[in-house]
Amino acid sequence: MTIYIKKPQINMKIKEIYNLAINKGIDADFRGREAVEKFLKRKREKYEQLPGKEKEEFDLESLENPYLDSRILNISQDKEIKRILVGVDVEPAEVLLAKEIGNIDLVISHHPLGKALAHLYEVMAMQCDILNQYGVPINVAEGLMKERISEVARGVNRINHQRTVDAAKILGFNLMCLHTVCDNLAARFLKDKIDKENNLIIIEDLINLLKEIEEYKTAAKLRAGPNIFVGNKENRCGKISLTEITGGTEGSPKIYEKMAIAGIGTIVGMHMEEEHKKEAEAANINVVIAGHMSSDSLGVNLFLDEL
Ligand SMILES: [Fe+2]
């Protein structure tokens, strides 16, 4: 858990902060604004054709917000926001922490909570477009992701998602979570940095480049810095992909073979499960894990800079 307290200079309403976040998330989105707008337009067209009863149950926010894992979860007092408590993970304990610190107008969690967590799987489809940009045929990406998306949807189903939201309601705290919007900012930042550097020959060069970034430099001191999960520091990077920084959570483990065929040599990711690691290894793809808390902190800090 990482906490940042923003100094009182913001003076924005909750909805304005949320709108800024969604907008910045779209600006940084690898698919580009036009593609995101087309995606929302298709959603609206489908919504308009729904029969009455289904229209009533429809999540209207999904017509404006392409990242349903980033939402306003509770407004207890719609006031000018001056002090925010921000955490990568917010649970009832952190809401109590906000109470203890005092004068906190808004709590922001990076990881999704409430219905944003229940909708985590919905952002995963964007991974198909990103994989496609890196050369994986769209039909292959969609075929493999479909299975994985339904697995994630079932996985989050059992969680008590409302717990922290209810704690915020009881204690009277405004609460918001910003997941994919911040991950998009981190992904864009890393992509721009890596693309600009034309001297990344071996994995060691890539690790050194990551360690120039403040969040990774700090994490390295805490033994949570960039790590090689597959490959070694002398391996050539080949084509470096940033397919695993944003898009909800880990994709399909079957994708690595297809990525290798598409010409990808190295993946930079936030975290990786054993099954995925084994498949990447079998496909001879190098994996550099930049670090979970550090990468999440990078995205959150980029958003706090915008604030
Ligand atoms: Fe995360």
Side-chain angles (χ1 to χ4, degrees), residues 1-4 21-22 24-25 28-30 66-71 73 84-91 93-94 107-127 130 145 148-149 151-153 155-156 159-161 163-165 175-191 210 213-216 218-220 222-227 229 241-253 267-277 287-306:
M1 165 85 205
T2 318
I3 295 266
Y4 310 89
I22 300 297
K24 290 294 162 190
D29 198 305
F30 284 178
Y67 316 111
L68 292 177
D69 61 353
S70 307
R71 285 171 177 259
L73 298 161
I84 307 177
L85 181 77
V86 187
V88 172
D89 290 297
V90 171
E91 291 188 351
E94 283 72 26
V107 178
I108 299 181
S109 170
H110 170 58
H111 284 144
L113 304 164
K115 59 179 175 181
L117 177 57
H119 278 125
L120 173 68
Y121 65 92
E122 292 225 17
V123 296
M124 292 176 73
M126 71 188 281
Q127 290 186 35
I130 298 173
M145 281 305 293
R148 175 70 182 139
I149 290 171
E151 197 180 296
V152 171
V156 293
I159 301 171
N160 179 3
H161 355 94
R163 194 174 163 211
T164 308
V165 182
L175 178 68
M176 180 191 292
C177 65
L178 301 174
H179 189 228
T180 289
V181 292
C182 291
D183 286 347
N184 276 0
L185 293 174
R188 170 61 63 192
F189 179 89
L190 289 171
K191 189 175 190 307
L210 291 174
I213 300 166
E214 209 50 50
E215 283 78 358
Y216 296 130
T218 307
L222 301 169
R223 298 212 160 246
N227 246 307
F229 268 39
S241 108
L242 286 140
T243 45
E244 302 202 2
I245 300 289
T246 191
T249 188
E250 284 177 38
S252 167
I267 295 169
V268 179
M270 278 203 198
H271 44 81
M272 186 174 266
E273 283 176 28
E274 273 308 293
E275 189 190 357
H276 291 66
K277 180 199 164 273
V287 177
V288 171
I289 292 301
H292 188 188
M293 289 309 113
S294 43
S295 302
D296 280 345
S297 298
L298 173 64
V300 170
N301 284 338
L302 287 164
F303 176 64
L304 294 181
D305 289 347
E306 297 292 346

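Computed from a predicted model, the values in this text were never measured in an experiment. Each ligand, and each atom within it, is numbered from 1 in the order the structure gives.
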#### Entry: Polar protein atoms near the Fe ion (ligand 1) [N, O or S; cut-off under 2.8 Å]
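Near the Fe ion (ligand 1), below 2.8 Å, one finds His111 NE2, His292 NE2, Asp296 OD2.
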### Task
For Met270 and Ile245, work out which heavy atoms get closest and say how close.
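Smallest heavy-atom distance, with atoms named: CE-O, 3.3 Å.
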### Message
Tell me if the centroids of the rings in His292 and His111 come within less than 6.0 Å of each other.
### Response
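Distance test on ring centres: under 6.0 Å, yes.
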### Message
Are the side chains of Leu190 and Leu298 in contact, using a 4.5 Å heavy-atom criterion?
### Response
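Yes, their side chains come closer than 4.5 Å.
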### Min side-chain heavy-atom separation Met126-Asn184 under 4.5 Å
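The answer is yes, as the side chains (C-beta and beyond) meet within the 4.5 Å cut-off.
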### The single option from Asp29, Thr246, Thr180 passing side-chain hydrogen bond (donor to acceptor under 3.5 Å, both in side chains) against Tyr67
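Only one option passes, and that is Asp29.
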### Query
Are the side chain of His119 and the backbone of Lys115 linked by a donor-acceptor contact shorter than 3.5 Å?
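Present.
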